[in-house]
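Quick notes on the structure that follows.
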Amino acid sequence: MKGDQNLEWLLGTNASREYAAKPGKIPEDLLPVFKEAGKEYGIPWYVLAAIAFRESSFNPNEIGPYLPELKTRAVGMMQFLQSTFDKYAVDGNNNGIRSPFEPEDAVFTAARYLAANRDVYLRKGFNKDEALRYAVWHYNHAWWYVDQVMAIGEKYKNNYP
């Protein structure tokens with residue numbers, strides 16, 4: 001697939017043209033990382049993959065724009081603020097270092113962060129799907145973002161074994 005075909009496969013019809021510039025294919029070496037992290041933390045692997053695509057197009061070296069109100073930038077494939085990464089950091093590749101620039105660390109940390117937020121909503125009586133949506137909302141604080149991540153995730157779920 002290429003160009004608009006890839007965009008249509010990824011997001012379906014009426015997709016935002018913002019995503020046409022980058023392919024949405026999950027890198028082969030990351031697919032098992034998403035699946036393992038998802039299994040360990042009870043987060044659907046395809047949601048983790050969708051966040052990675054949405055945040056950085058799977059670029060582990062991504063550095064986001066400067067956020068003056070926070071005096072920092074979001075970094076890595078999962079676009080963590082350093083304070084959030086430090087609080088939830090996981091050594092996903094077991095090399096003794098926790099870094100938002102290491103894909104395994106970033107994905108496992110994102111899964112842990114999402115699970116912690118999901119669990120807050122489960123304890124409040126939300127069902128599993130609602131709690132997951134609120135956890136994704138905490139990732140970016142926008143409902144349009146949640147809708148995009150979930151739509152991308154569904155495409156990944158249906159197109160990867």
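Note that the numbering runs from 1 along the sequence shown for the chain.
- Between atom CD1 of residue I152 and atom CD of residue Q148 there is a gap of 6.0 Å, rounded to the nearest 0.5 Å.
- Judged as a side-chain hydrogen bond (donor to acceptor under 3.5 Å, both in side chains), and not counting sequence neighbours, R98 has no contacts.
- Put simply, the side chain of Y41 never gets that close to the backbone of A110: no donor and acceptor are under 3.5 Å apart.
- L81 and V75 fall into different hydrophobic clusters, defined by Ile, Leu, Val, Met, Phe, Trp and Tyr side-chain heavy atoms under 4.5 Å apart, directly or through other members.
- Here the closest heavy-atom approach between residue L48 and residue M78 is recorded as O-CE, 3.6 Å.
- Between F58 and Y156, the two ring planes are tilted [angle within 30° to 60°].
- Atom CD of Q82 is separated from atom CZ of R73 by 13.5 Å, given to the nearest 0.5 angstrom.
- Hydrophobic cluster membership is shared by M150 and I43, with clusters built from Ile, Leu, Val, Met, Phe, Trp and Tyr side chains linked at under 4.5 angstrom.
- Proximity of V90 to V107: side-chain heavy atoms (C-beta onward) are nowhere separated by under 4.5 Å.
- Looking only at side-chain heavy atoms (C-beta outward), E55 and N140 come within less than 4.5 Å of each other.
- Cluster membership for I97 and M77, using ILVMFWY side-chain heavy atoms within less than 4.5 angstrom, is not shared.
- In plain terms, the two heavy atoms of P60 and P103 that are nearest each other are CB-CG, 3.7 Å.
- Scored by the side-chain hydrogen bond (donor to acceptor under 3.5 Å, both in side chains) test, N93 finds E102 as partners (sequence neighbours excluded).
- Residue R133 holds its CZ atom at 15.0 Å from CG of N117, rounded to the nearest 0.5 Å.
- The minimum heavy-atom distance linking D91 with G96 is given by the pair OD2-N, 2.7 Å.
- A pairwise comparison of heavy atoms in Y66 and K71 identifies OH-CA, 3.1 Å as the closest pair.
- Under the 4.5 Å side-chain contact rule for hydrophobic residues, V136 and W143 share a cluster.
- Side chain of R118 to main chain of A131: no donor-acceptor pair is present (N/O by atom type, distance under 3.5 Å, no hydrogens or angles).
- Every residue two or more places apart in sequence or in another chain was checked for a side-chain hydrogen bond (donor to acceptor under 3.5 Å, both in side chains) with Q79, and none qualifies.
- Criterion: ILVMFWY side-chain heavy atoms under 4.5 Å apart, direct or through other members. Under it, F80 and L70 are not part of a common hydrophobic cluster.
- Scanning all heavy atoms of the two residues, the minimum distance from A52 to F34 falls at CB-CZ, 3.7 Å.
- Taking the ring-ring contact (aromatic ring centres under 6.0 Å, His included) definition, one finds that Y113 meets it with Y88, Y139, sequence neighbours left out.
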Side-chain donor-acceptor pairs under 3.5 Å in residues 120-128, sequence neighbours left out?
{"from": "Y121", "atom 1": "OH", "to": "H138", "atom 2": "NE2", "distance (Å)": "3.0"}
{"from": "N127", "atom 1": "OD1", "to": "D129", "atom 2": "N", "distance (Å)": "3.0"}
{"from": "N127", "atom 1": "OD1", "to": "E130", "atom 2": "N", "distance (Å)": "2.8"}

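- With sequence neighbours left out, the side-chain contact (heavy atoms from CB on, under 4.5 Å) criterion links N59 to S56, N61, E62.
- Looking only at side-chain heavy atoms (C-beta outward), K39 and W45 stay at 4.5 Å or farther from each other.
- Rounded to the nearest 0.5 angstrom, K25 NZ and L31 CG are separated by 10.5 Å.
- Checked by atom type and distance alone, the side chain of D105 never pairs as donor or acceptor with a backbone atom of P100 at under 3.5 Å.
- Two residues are said to be in side-chain contact when any heavy atoms from C-beta on lie closer than 4.5 Å; F108 and E36 meet this criterion.
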side-chain contact (heavy atoms from CB on, under 4.5 Å) between Y145 and I51, worked out
CA-CA 9 Å; Y145 176 86; I51 290 171; 3.6 Å; yes
